[in-house]
Q: 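One structure coming up, written as structure tokens, with questions to follow.
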Amino acid sequence: MPRRELLRNVRRIVVKIGSSLITENGMISNRRILRLVRDMAGLLRKGYEVVVVSSGAISAGCGALKKDRRLMSIPEKQAAAAVGQILLMNEYRACFKKEGFEIGQILLTEDDVKHRRRFLNSRHTMNTLIEMGAVPVVNENDSVVVKEIKFGDNDTLSAHVTNIVQADLLILLSDIDGFYMDLADPYPVEEIYKIDEGLIARAGGSGSVHGTGGMVTKLRAADIIIKSGEKMIIANGNTTGVLGRIMKGEKLGTIFVGRGNSLKGKKRWIAFSARARGFLTIDDGAVRALTEKKKSLLATGVTGVKGKFDLGDAVELLNSSGVAIGKGIVNYTSEELAIIKGKKTSEIRTILGETFFEEVINRDNLILY
Ligand code: GLU
């Protein structure tokens, strides 16, 4: 399909920039950042809205501290990120300033995305920055996160940022031309509509010496984007004027196309961001009610409760064989559910009094796998 057609309705774009594109001899490079910023400024002037996700904090810090990234411990890398993030933002600020734009720094952790309120707060902040004409520049808050609450790579982070800001397109720029089905074949695949394990197996491991991502993390990002119904492009950031040319419709890189029955709004957040705090096992009748009749989940269909969760937390739903079939936001705490599971509405009224929820999980707060 012609690219111009695929990108016709795009207005808001997230551009992810890999460390290897903006470093030179181990140091952050003003010249290389300026090239990309000019390209982005071109898009802004054409009326597109741009959000940047940039790696390079750790690389910049290593350069300044004269340390070899490969020999560093995790706390040392976190310290390097603290040093490097300032250098990185200084360069972005200087470059965008030359083009007449202010920037705003947003540092996120995985926790910020998993909590609905923080997710929405960061959306409001970024929307406000865009309204005020400032370009949000996002990175992971490497200095404060531990492994458990870390995205770990900016490919994944940028897919979440795309959902946070409700962008139509994510462009991943790195030093590769696109996704190759076979490395011996010199042309990247033009269009991909579905990510499956076979494709991921072809992607292999490894990133470059600079970054932490590789093709696998890019495909995982593409999976989120496709299922969200948006689009993603992997392209080579070293190509002259790459962003402007992509938006003019030139077939650069690989485009991943999501369309059709995509998840919107809160359901998208439940699917990709909310962390399940527990499990509910439900009987076969409840499974049918959810899958075939598109009903909400009632207490009468719940046979088991696992984990400790609060009202408003996400839980995963298991069928009687223990297979996960969906995820949703519960109206009851785990303690309450342990008491009312299997009970009919009239019995729940007797146990909990008049103020109780009809549904354990409302249809609008439920996604099925
Ligand atoms: N957040 C890391 C940094 O700024 C980069 C992670 C990645 O390479 O994807 O250095």
Side-chain angles (χ1 to χ4, degrees), residues 14-34 36-37 51-97 102-115 118-119 121-122 125-126 129 135-161 164 172-175 205-214 216-218 220-221 237 275:
V14 174
V15 179
K16 184 260 173 176
I17 298 173
S19 307
S20 63
L21 286 178
I22 53 172
T23 41
E24 211 168 7
N25 306 319
M27 302 289 270
I28 208 86
S29 156
N30 180 281
R31 184 185 68 86
R32 301 196 78 193
I33 292 185
L34 187 58
L36 292 165
V37 165
V51 174
V52 186
V53 176
S54 181
S55 306
I58 299 176
S59 293
C62 290
L65 296 163
K66 302 196 171 32
K67 297 270 185 202
D68 184 341
R69 179 182 181 132
R70 287 162 299 189
L71 305 175
M72 287 165 93
S73 65
I74 289 173
E76 283 173 335
K77 281 188 190 157
Q78 292 185 293
V83 172
Q85 182 63 25
I86 316 173
L87 302 173
L88 187 65
M89 293 310 283
N90 269 339
E91 294 299 347
Y92 272 103
R93 173 143 205 274
C95 294
F96 269 109
K97 199 87 194 146
E102 277 304 330
I103 61 166
Q105 171 184 261
I106 307 275
L107 297 176
L108 293 174
T109 68
E110 199 178 5
D111 253 8
D112 298 320
V113 171
K114 303 259 181 236
H115 289 95
R118 277 151 79 171
F119 177 93
N121 272 341
S122 46
T125 308
M126 287 197 253
L129 279 170
V135 181
V137 182
V138 185
N139 196 0
E140 183 156 17
N141 198 351
D142 291 313
S143 303
V144 301
V145 286
V146 291
K147 200 162 151 256
E148 294 72 31
I149 56 160
K150 202 165 164 43
F151 291 108
D153 68 86
N154 278 3
D155 296 328
T156 310
L157 172 65
S158 60
H160 287 285
V161 169
I164 291 175
L172 297 184
L173 294 180
S174 69
D175 50 9
S206 85
S208 62
V209 286
H210 303 280
T212 44
V216 174
T217 55
K218 289 181 178 48
R220 301 241 181 254
R275 186 182 355 211

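Residue indices begin at 1 and follow the sequence shown. Just so it is clear, the values below take in all heavy atoms, side chains as well, and ignore hydrogens, waters and symmetry mates.
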Q: If you look at every heavy atom in Lys77 and Ile58, which pair is closest and at what distance?
A: O-CG1, 4.0 Å
Q: If you take all heavy atoms of Val14 and Ser158, which pair is closest and at what distance?
A: CG1-O, 4.3 Å
Q: Taking NZ, NE, NH1 and NH2 as the nitrogens, is one of them in Glu140 or Lys150 under 4.0 Å from a carboxylate oxygen of the other?
A: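 Yes.
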Q: Is any side-chain N of the basic residue among Lys16 and Asp155 closer than 4.0 Å to the acidic one's carboxylate O?
A: yes
Q: Do Asp112 and Phe119 have side chains that approach each other closer than 4.5 Å (heavy atoms only, starting at C-beta)?
A: no
Q: Looking only at heavy atoms, which two atoms of Ala64 and Leu87 are closest? And how far apart?
A: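 That closest heavy-atom pairing would be CB-CD1, 3.7 Å.
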Q: Taking side chain as C-beta onward, heavy atoms only, is Gln105 less than 4.5 Å from Arg93?
A: no
Q: Report the C-alpha distance between Asn139 and Val53 in whole Å, list the side-chain angles of each, state the deciding distance to 0.1 Å, and finish with yes or no for side-chain contact (heavy atoms from CB on, under 4.5 Å).
A: CA-CA 6 Å; Asn139 196 0; Val53 176; 5.7 Å; no
Q: Pairing donors with acceptors under 3.5 angstrom, does anything connect the side chains of Ser20 and Asp175?
A: yes
Q: With a 4.5 Å heavy-atom cut-off, do Leu108 and Asn141 have their side chains touching?
A: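 In short, these two side chains do not touch, never coming nearer than 4.5 Å.
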Q: Side chain of Thr156, backbone of Gly152: donor and acceptor closer than 3.5 Å?
A: no
Q: Shortest non-hydrogen contact from Ala80 to Leu65?
A: CA-CD1, 4.0 Å
Q: Quick one, Leu107 with Val138, criterion side-chain contact (heavy atoms from CB on, under 4.5 Å). Give me CA distance, side-chain angles, the key distance, then yes/no.
A: CA-CA 6 Å; Leu107 297 176; Val138 185; over 6 Å; no
Q: Spell out, as yes or no, whether a donor-acceptor pair under 3.5 Å connects the side chain of Asp68 to the backbone of Arg70.
A: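 Checked: pair present.
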Q: Just do the side-chain contact (heavy atoms from CB on, under 4.5 Å) check on Val51 and Val15 with the steps written out, would you?
A: CA-CA 6 Å; Val51 174; Val15 179; over 6 Å; no
Q: Between the side chains of Asn154 and Ser55, is a donor N or O closer than 3.5 angstrom to an acceptor N or O?
A: yes
Q: So which heavy atom on Gln78 is nearest to which on Asp142, and how close?
A: NE2-O, 2.9 Å
Q: So how far is it from Ile22 CD1 to Tyr92 OH, rounded to the nearest 0.5 Å?
A: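 The OH atom of Tyr92 is 4.0 Å from CD1 of Ile22, to the nearest 0.5 Å.
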Q: Could you tell me the separation between the CD1 atom of Ile164 and the CG atom of Asn121, rounded to the nearest 0.5 Å?
A: 11.0 Å
Q: With rounding to the nearest 0.5 angstrom, report the CZ to NE2 distance, Phe151 to His160.
A: 5.0 Å
Q: Give, for atom CD1 of Ile28 and atom CG of Asn25, the distance between the pair rounded to the nearest 0.5 Å.
A: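 Between Ile28 CD1 and Asn25 CG, I get 12.5 Å after rounding to 0.5 Å.
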Q: Would you say the side chains of Glu91 and Asn30 form a donor-acceptor pair under 3.5 Å?
A: yes
Q: Kindly compute the distance separating CD1 (Ile33) from CG (Leu88), expressed to the nearest 0.5 Å.
A: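 One finds 5.5 Å between CD1 of Ile33 and CG of Leu88.
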Q: Between Lys67 and Met72, what is the shortest heavy-atom contact and its length?
A: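 For Lys67 versus Met72, the nearest heavy atoms are CB-SD, 3.9 Å.
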Q: Less than 4.0 angstrom from a charged side-chain N to a carboxylate O is my criterion; do Arg275 and Glu110 meet it?
A: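 Answer for the salt bridge query: no.
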Q: Salt bridge between Glu24 and Arg32, side-chain N to carboxylate O under 4.0 Å?
A: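 Answer for the salt bridge query: no.
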Q: Can you tell me how far the CG atom of Leu157 sits from the OG1 atom of Thr217, to the nearest 0.5 Å?
A: 11.5 Å
Q: Take Thr23 and Ser59 through the side-chain contact (heavy atoms from CB on, under 4.5 Å) test and state the conclusion after the steps.
A: CA-CA 8 Å; Thr23 41; Ser59 293; 3.9 Å; yes
